[in-house]
Amino acid sequence: MGLFDGYYDPSTYQGGGGTAGGVFAGTSTGDIAYRIGLAARCIANAGLSGLKTIIDWQQGEWDSDNTSTTQANYTAALNGIIAEYKRVGLLKTGNVMFINKCTRITETTTNRNNIRNGQAAVVDAGLVRTGGDIDTLDSSNRYDGTHFTASGAAAQAALKLAGMSNFIQSG
């Protein structure tokens, strides 16, 4: 049984720590955008392409701590990431992508609002929706300003649950 009673939730994970949004979009050195296509192939090879797919995007810590990341180039990177998910067939009618508000809560710059505004700018309330506000989880939920303790991970999941549950039940 998966996260939601009565629904099977096969998961695929693609990630990269300490990574700028542009790296996933293929607009930065060290491009790892290929992982999006790899996830699509893994899902197809497992025969799961027909299932509802939730893409849970939680990234922004590195960018919020980097003053060279502007709202405009962060928004452009996210739009590139969204376009790649659409290109490989993971983001289409019947599927959804949640963009979580996510920055480094112990950042050393004042760049947080640029990233949060960039995350909000790509939401279209259709295929791309507002996710949880991960930044509401303070340092008591984290062990280093970014990564979650066990109780922080549970709180993070609770922030995301309502939107994901609503999508699974209602579309």
Open item on the list: Do Asp56 and Asn100 make a side-chain contact, defined as non-hydrogen atoms from C-beta onward lying under 4.5 Å apart?
Closed with: yes

Task: Closest non-hydrogen atom pair, Gln119 against Ile99 - done: O-CG2, 3.6 Å

Task: Minimum heavy-atom distance Phe98-Thr130, with the two atoms named - done: CD2-O, 3.5 Å

Open item on the list: Any non-hydrogen side-chain atom of Arg116 less than 4.5 Å from a side-chain atom of Asp133?
Closed with: yes

- [ ] Could you tell me whether the side chain of Tyr74 reaches within less than 4.5 Å of the side chain of Asn114, counting heavy atoms only?
- [x] no

Task: Cationic tip of Lys52 above Phe167 ring, under 6.0 Å, 45° of axis - done: yes

TODO: Give a yes or no answer on whether the side chain of Thr149 reaches the backbone of Asn141 with a donor-acceptor pair at less than 3.5 Å.
DONE: yes

Open item on the list: Is it the case that the side chain of Thr146 and the backbone of Arg104 share a donor-acceptor pair, with hydrogens and angles ignored and the cut-off at 3.5 Å?
Closed with: no

TODO: Please confirm whether the backbone N or O of Leu137 pairs with a side-chain atom of Arg142, one donor and one acceptor, at under 3.5 Å?
DONE: yes

- [ ] Kindly give the heavy-atom pair with the smallest separation between Ile36 and Leu90, and that separation in Å.
- [x] O-CD1, 4.0 Å

Open item on the list: With clusters defined by side-chain heavy atoms of hydrophobic residues (ILVMFWY) lying less than 4.5 Å apart, directly or transitively, does Val88 cluster with Val122?
Closed with: yes

Open item on the list: Could you check whether any side-chain N or O of Gln58 sits under 3.5 Å from a backbone N or O of Cys102, counting only pairs where one atom can act as donor and the other as acceptor?
Closed with: no

Open item on the list: On a heavy-atom basis, which atom in Gly118 and which in Thr75 lie closest, and how many Å separate them?
Closed with: CA-OG1, 3.1 Å

Open item on the list: Once rounded to the nearest 0.5 Å, what's the spacing between atom CZ of Arg112 and atom OG1 of Thr103?
Closed with: 3.5 Å

Open item on the list: According to a hydrophobic-cluster definition based on side-chain heavy atoms being under 4.5 Å apart (Ile, Leu, Val, Met, Phe, Trp, Tyr only), do Ile134 and Ile55 belong together?
Closed with: no

- [ ] Using the rule that two of Ile, Leu, Val, Met, Phe, Trp, Tyr join whenever any of their side-chain heavy atoms come within less than 4.5 Å, decide whether Leu48 and Leu91 are in one cluster.
- [x] yes

TODO: Determine whether Met97 and Ile81 make a side-chain contact, defined as any pair of heavy atoms from C-beta on separated by less than 4.5 Å.
DONE: yes

Open item on the list: In this structure, would Val128 and Tyr85 fall into the same cluster of hydrophobic residues linked by side-chain contacts under 4.5 Å?
Closed with: yes

Open item on the list: Could you check whether any side-chain N or O of Asn111 sits under 3.5 Å from a backbone N or O of Asp63, counting only pairs where one atom can act as donor and the other as acceptor?
Closed with: yes

Task: Same apolar cluster: Leu127 and Leu51, side chain cutoff 4.5 Å - done: yes

TODO: Sorted by first residue and then second, give each side chain to side chain donor-acceptor pair (under 3.5 Å) pair with at least one member in residues 86-97; sequence neighbours left out.
DONE: Glu84-Arg87

Open item on the list: Any side-chain to backbone donor/acceptor pair from Gln59 onto Leu78? Under 3.5 Å, distance only.
Closed with: no

TODO: Would you check if the side chain of Asn66 reaches a backbone N or O of Trp62 as a donor-acceptor pair within less than 3.5 Å?
DONE: no

